[in-house]
Amino acid sequence: MLILLNGPPGSGKSTLAQLYVDDHPLALNLDIDRIRAMLGRWQDHATGAGLLARALTLAMARTHLEADHDVIIPQYLGRLAFIEQVEQLAHDAGVAFHELVLLDSKQNMLRRFARRTHAAASIHHVEAAAQLGDQAATNLAEMYDRLIEIIGQRPHARIVPSEQGEPHETYRRLLTALERP
């Protein structure tokens with residue numbers, strides 16, 4: 001199966017994707033931010049690097065799906081184009097496509113991102129905060145609103161409630177969502 005795990009920054013996408021691959025032998029966690037970070041001087045070419053990382057993600061996912069293994073892509077997506085490309089890939093590969101969205105309230109998401117940034121447990125979290133810039137709260141609120149708009153356009157997307165400090169409960173909800181047709 002191909003799982004697209006969407007959600008605002010700080011919602012737990014990376015954590016849940018890792019839990020999924022830890023429980024599913026040979027499943028592949030295709031974190032686009034990590035793929036982008038493998039590109040030399042990507043920060044100097046952010047837009048091009050992001051597009052290239054998405055193309056690489058699709059190619060890697062195709063290869064892995066053709067080998068009959070699950071793929072999970074944890075990524076905030078506030079535009080339809082890449083979501084549709086991932087869905088088309090699942091169709092072309094003849095595998096089940098699951099579009100899941102991790103959500104908490106907007107205020108909770110803002111607090112969660114701020115806590116994560118303050119703790120800076122991962123270089124990827126530091127980079128995410130840097131990309132949002134000085135207006136992080138405003139940018140995050142706009143990203144949240146765009147995601148809500150996207151959900152309205154994606155009738156098969158399933159919302160998975162995500163609570164701060166409850167990754168295993170959220171993971172249980174994710175697995176339950178995957179069981180539904």
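Below, all heavy atoms of this structure are taken into account, side chains as well, without hydrogens, waters or symmetry copies. The chain is numbered in sequence order, starting from 1.
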Check: [Y] and [X] side chains under 4.5 Å, non-hydrogen atoms:
X      : Y      : value
Val160 : Leu16  : no
Asp145 : Lys106 : yes
Arg180 : Thr176 : no
Val71  : Ile73  : yes
His98  : His156 : no
Leu89  : Arg62  : yes

For residues [X] and [Y], report the shortest heavy-atom separation together with the two atoms involved.
X      : Y      : value
Leu30  : Pro74  : O-CD, 3.5 Å
Leu102 : Gly12  : CD1-C, 3.7 Å
Thr15  : Pro167 : CG2-CB, 4.1 Å
Pro8   : Leu147 : CD-CD2, 3.5 Å
Val21  : Leu28  : CG1-C, 3.8 Å
His64  : Ala27  : NE2-C, 4.0 Å

Side-chain heavy atoms under 4.5 angstrom apart, residues restricted to Ile, Leu, Val, Met, Phe, Trp, Tyr: same cluster for [X] and [Y]?
X      : Y     : answer
Val95  : Val86 : yes
Ile150 : Leu4  : yes
Phe97  : Leu58 : yes
Leu175 : Ile3  : yes
Met60  : Ile83 : yes

Spell out, as yes or no, whether a donor-acceptor pair under 3.5 Å connects the side chain of [X] to the backbone of [Y].
X      : Y      : answer
Arg158 : Leu100 : no
Lys13  : Leu5   : no
Arg54  : Phe82  : no
Asp104 : Glu163 : no
His45  : Gly40  : no

(message) Using the side-chain contact (heavy atoms from CB on, under 4.5 Å) criterion, which residues pair with Ile148? Sequence neighbours excluded.
(response) Leu103, Tyr144, Ile151

(message) Any carboxylate oxygen within less than 4.0 angstrom of a Lys/Arg side-chain nitrogen, looking at Arg146 and Glu149?
(response) no

(request) Mind checking side-chain hydrogen bond (donor to acceptor under 3.5 Å, both in side chains) for Ser162 and listing every partner two or more places apart, or none if nothing turns up? (result) Arg112

(message) Can you tell me how far apart CD (Gln107) and CE (Met109) are? Round to the nearest 0.5 Å.
(response) 11.5 Å

(message) Take a 6.0 Å sphere around NE2 of His24 and say whether it holds more than 12 heavy atoms from other residues, nucleotides or ligands.
(response) yes

(message) If we count only N and O atoms by modelled type, under 3.5 Å, do the side chains of Asp31 and Ser14 hold a donor and an acceptor together?
(response) yes

(message) Considering only residues two or more places apart or on different chains, which pairs with a residue in residues 68-90 satisfy side-chain hydrogen bond (donor to acceptor under 3.5 Å, both in side chains)?
(response) Tyr20-Asp70, Glu87-Arg154, Gln88-Asp92

